[in-house]
Amino acid sequence: MADRGFVVSRLPGFTTVALLVFAALYLPILVLVVFSFNGGDSLSQWGGFSFRWFAKAWENDQVKDATIRSLWLALVAAAIATAVATAAALGTTRRKPFNGQTFIYVMINQPLMVPEIVTAVALLIFFAWFKVNLGYQGMGYLVAAHAGFCIPFAYLPIRARLESMDLTLETAAADLYATPWLTFRRVTFPLLLPGIIAGMMLAFVTSLDDVVITLFVKSAGQDTLPTYMLGQIRRQVSTEVYAISTMLLALTVVLLTAFFALTRKRD
Amino acid sequence: MASQAELERDKASDRAGWLLSSPALLILAVAAIGPLFIMLVYSFLIPGEYGNVEWGFSTDAWTGILFTRDVFDDTLRLEDAHLTILWRSVKLSLLTTVFAFLVGFPTAWFIATRPPKARALWLFLITIPFWTNLLIRTFAINEIIRAEGLLNTVLLWAGLIQKPLEIIYTDFAVFLGMTYVYLPLMVLPLFASIDRFDMRLLEAGYDLYASRWQVLRRIIVPVVKPGIVAGSILVFVPALGAYVTPRILGGGKQMMIGNFIELQFGQGRNWPLGAALSVTLLIIVTAALLIYVRFANRERGHG
């Protein structure tokens with residue numbers, strides 16, 4: 001008011017703390033990225049800029065296998081999760097509240113509320129029974145587990161998109177004697193598509209990031225990139241692991257930027 | 001009054017809601033919820049010699065959480081190793097939550113008070129660490145605090161210390177790592193509630209001669225409480241079940257309950273005890289969530 005430059009919303013010290021927090025959040029990641037370009041043999045000494053650890057990771061067959069497996073798993077799990085989440089979002093929005101709707105919400109969000117380690121152990125017990133009695137050791141377990149915990153991440157952006165969508169176009173289509181299926185295919189689906197893609201991206205990143213559940217569910221020889229990295233650190237952190245981290249980080253940033261471009265509200 | 005046709009339509013709409021949700025529910029039943037019940041059953045079985053279980057009813061796993069049976073006279077003694085791990089988990093998770101709030105609140109406030117364009121950018125900057133792989137972030141902290149890490153190198157070079165600080169593989173390292181890793185989970189819900197905060201309330205407060213501290217304590221905090229509670233839950237729950245961060249930064253010595261559960265399924269070969277500990281963890285988390293729901297509902301009732 002009377003004071004010059006008095007801003008109501010300014011609280012002393014808050015900006016300083018916030019800027020320190022941002023610095024603290026990014027400094028470690030930055031150090032990791034810089035050191036992944038270290039040409040030296042040991043992490044402790046800087047041996048000049050070099051791509052050698054990236055090249056080494058690239059030539060490592062275990063890394064190659066784990067990368068392909070991670071990407072394949074994330075793609076399949078995200079596709080399944082997105083498909084069922086889209087159906088569920090259509091089923092739970094834009095209609096009168098119905099019996100069991102809260103139950104469905106709680107079920108769908110359940111993976112967000114249970115600590116990962118608990119889900120992981122429960123799945124270990126459950127799938128161990130199948131592995132022993134059916135003898136099946138394939139990727140099916142990982143696909144099911146990943147699809148499961150990805151569902152809420154796909155569901156939330158799709159539901160948000162549906163809730164902000166205008167109903168009138170669909171009503172108009174129905175008035176023009178379009179069947180429900182035709183209305184969905186020609187009107188609802190194209191409008192919903194950005195939400196579906198956004199949901200699938202979040203599901204993809206979530207699956208790609210998972211360590212704990214994968215660690216407990218995988219059978220022998222089914223390492224993903226994160227479980228491979230965790231295994232490496234047991235011996236000794238190597239610059240190669242940092243190089244893999246930098247590549248994974250770059251992928252995450254690209255996907256997130258695309259996600260925000262998709263979900264940004266148009267002015 | 002609803003006509004017969006309207007009732008029929010509502011019923012059809014209910015059915016469609018369930019039908020469309022059923023594939024998602026089916027996957028969740030197999031890959032998330034069902035296994036939890038089976039785990040509960042396993043906590044009442046007898047441990048097998050090489051892991052897994054033998055079928056037979058036993059409550060040993062449950063008493064085993066707090067007690068050990070003496071081999072000689074069969075009496076029960078308090079198991080302090082388990083209690084230590086439980087206590088460390090709760091303590092470190094609480095410390096993480098409190099510290100994350102102390103630095104997270106100003107951060108969320110800062111973001112929420114930027115002009116719209118800049119706000120989107122700052123929000124994006126807080127989201128990137130949030131979506132960055134947990135392992136990468138833990139490696140990053142490891143790189144900073146390990147014996148030959150950046151922190152020690154800089155401090156030694158500056159002559160502030162004579163020998164490297166031993167931070168890594170301590171409780172403090174785990175606390176630091178967890179705060180770093182879970183901080184965005186605190187900032188995001190806080191931002192959401194501060195963003196809706198009506199800044200005119202501040203003007204009113206200042207007009208009535210409130211100091212900045214009074215404004216913060218008496219106006220801001222009560223209004224954004226739902227965000228505070230949500231952020232605290234979002235940090236506390238994963239911190240309590242943390243596995244990766246204590247394993248890397250605690251070096252296997254400073255175990256938390258998550259690591260201890262894993263141990264029972266690996267070297268420990270005591271699946272029922274592992275299952276019982278998991279159920280215990282789940283109960284603590286559920287209790288925390290119930291408190292949250294009560295808080296949230298009370299706020300809504302008032303608003």
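Computed from heavy atoms alone, side chains included, the values below leave out hydrogens, waters and symmetry copies.
Between chain A and the residues B:T153, B:I126, B:L240, B:I141, the largest count of heavy-atom pairs under 4.5 Å involves B:I126. Here A:L248 is the residue among A:L248, A:T93, A:L112, A:L255 with the most heavy-atom pairs under 4.5 Å with chain B. Annotation: maximal heavy-atom pairing with chain A below 4.5 Å, among B:T113, B:I145, B:I128, occurs at B:I128. Here A:P115 is the residue among A:P115, A:A120, A:G148 with the most heavy-atom pairs under 4.5 Å with chain B. Chain A forms the most heavy-atom pairs under 4.5 Å with one residue out of B:V53, B:L36, B:L26, and that residue is B:L36. Annotation: maximal heavy-atom pairing with chain B below 4.5 Å, among A:A145, A:A81, A:A122, A:A144, occurs at A:A122. Chain B forms the most heavy-atom pairs under 4.5 Å with one residue out of A:V31, A:V21, A:L25, and that residue is A:L25. In terms of heavy-atom pairs under 4.5 Å with chain B, the best-connected choice from A:V17, A:I104, A:L32 is A:I104. Options A:G91, A:P28, A:A18 differ in how many heavy-atom pairs under 4.5 Å they form with chain B, and the most are formed by A:P28.
Within the 4.5 angstrom heavy-atom criterion, atoms from both the backbone and the side chain of B:L202 approach chain A. Heavy-atom distances place the side chain of B:V285, and not its backbone, under 4.5 Å from chain A. Of the atoms belonging to A:F153, it is side-chain heavy atoms, and not backbone ones, that fall under 4.5 Å from chain B. For A:T252, the part lying near chain B is the side chain, with the backbone staying farther off; criterion is any non-hydrogen pair under 4.5 Å. Of the atoms belonging to B:L289, it is side-chain heavy atoms, and not backbone ones, that fall under 4.5 Å from chain A. Heavy atoms of B:W122 lying under 4.5 Å from chain A belong to its backbone as well as its side chain. Of the atoms belonging to B:W131, heavy atoms from both backbone and side chain fall under 4.5 Å from chain A. For a residue to count as touching a neighbouring chain, one of its non-hydrogen atoms must lie under 4.5 Å from one of that chain's; by this rule B:I248 touches chain A with the side chain only. For chain B, the nearby parts of A:P226 are the backbone and the side chain; heavy atoms of each come within less than 4.5 Å. Contacts between B:L234 and chain A at a heavy-atom distance below 4.5 Å are absent for every atom of the residue. Looking at B:L150, the atoms closer than 4.5 Å to chain A (heavy atoms on both sides) all sit in the side chain, from C-beta outward. Both the backbone and the side chain of A:V118 have a heavy atom closer than 4.5 Å to some heavy atom of chain B. Neither the backbone nor the side chain of A:Y141 comes within contact range of chain B; no heavy atoms are under 4.5 Å apart. Only the side chain of A:A128 comes within contact range of chain B, judged by heavy atoms closer than 4.5 Å. A:E116 does not touch chain B: none of its heavy atoms, backbone or side chain, sits under 4.5 Å away. In this structure, chain A has heavy atoms under 4.5 Å from both the backbone and the side chain of B:I136. With a 4.5 Å cut-off on non-hydrogen atoms, A:T257 touches chain B through its backbone and its side chain both. Both the backbone and the side chain of B:T127 come within less than 4.5 Å of a heavy atom in chain A. Using a 4.5 Å cut-off between heavy atoms, B:L216 contacts chain A through its side chain alone, with no backbone atom that close. For a residue to count as touching a neighbouring chain, one of its non-hydrogen atoms must lie under 4.5 Å from one of that chain's; by this rule A:A24 touches chain B with the backbone only.
Note: B:N133 CG to A:T206 OG1 = 11.0 Å, rounded to the nearest 0.5 Å. We find the OH-OG distance between A:Y155 and B:S21 to be 7.0 Å, quoted to the nearest 0.5 Å. Taking CD1 from B:I257 and CD1 from A:I117, the interatomic distance works out to 10.0 Å, rounded to the nearest 0.5 Å. Once rounded to the nearest 0.5 Å, the distance linking OG1 of A:T86 with CG of B:L20 reads 10.5 Å. Taken to the nearest 0.5 Å, the CD1 atom of A:I29 stands 3.5 Å off from the OH atom of B:Y180. To the nearest 0.5 angstrom, A:L27 atom CG is 10.5 Å from B:E143 atom CD.
When all heavy atoms of A:M107 and B:L28 are compared, the closest pair comes out as O-CD1, 3.4 Å. Of all heavy-atom pairs spanning B:P129 and A:Y26, the tightest one is CD-OH, 3.4 Å. Smallest separation of non-hydrogen atoms from B:A31 and A:T119: O-CG2, 4.3 Å. Between A:F126 and B:P35 the shortest heavy-atom distance is CD2-CG, 3.7 Å. Looking at every heavy atom in both residues, B:V237 comes nearest to A:M113 through CG1-O, 3.8 Å. Nearest heavy-atom pair across B:F139 and A:Y242 is O-OH, 4.0 Å.
Looking at A:V121 and B:Q264, their side chains never come closer than 4.5 Å, going by heavy atoms from C-beta outward.
Counting heavy-atom neighbours within 6.0 Å of B:F99 CZ, excluding the residue itself, gives a total of 12 or less. In B:F37, the CZ atom is not crowded: 12 or fewer heavy atoms of neighbouring residues, nucleotides or ligands sit closer than 6.0 Å.
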Begin with the C-alpha distance, continue with both residues' side-chain angles, and end with the deciding distance and a verdict on side chain to side chain contact (heavy atoms under 4.5 Å, CB included) for B:Y243 and A:L215.
CA-CA 11 Å; B:Y243 170 79; A:L215 191 67; 3.7 Å; yes
Report the C-alpha distance between B:I111 and A:F22 in whole Å, list the side-chain angles of each, state the deciding distance to 0.1 Å, and finish with yes or no for side chain to side chain contact (heavy atoms under 4.5 Å, CB included).
CA-CA 11 Å; B:I111 302 174; A:F22 277 105; 3.9 Å; yes
List the steps, then state whether side chain to side chain contact (heavy atoms under 4.5 Å, CB included) holds for B:L282 with A:V114.
CA-CA 7 Å; B:L282 199 56; A:V114 175; 3.6 Å; yes
Derivation and outcome, side chain to side chain contact (heavy atoms under 4.5 Å, CB included), residues B:E262 and A:V212:
CA-CA 10 Å; B:E262 192 249 18; A:V212 179; over 6 Å; no
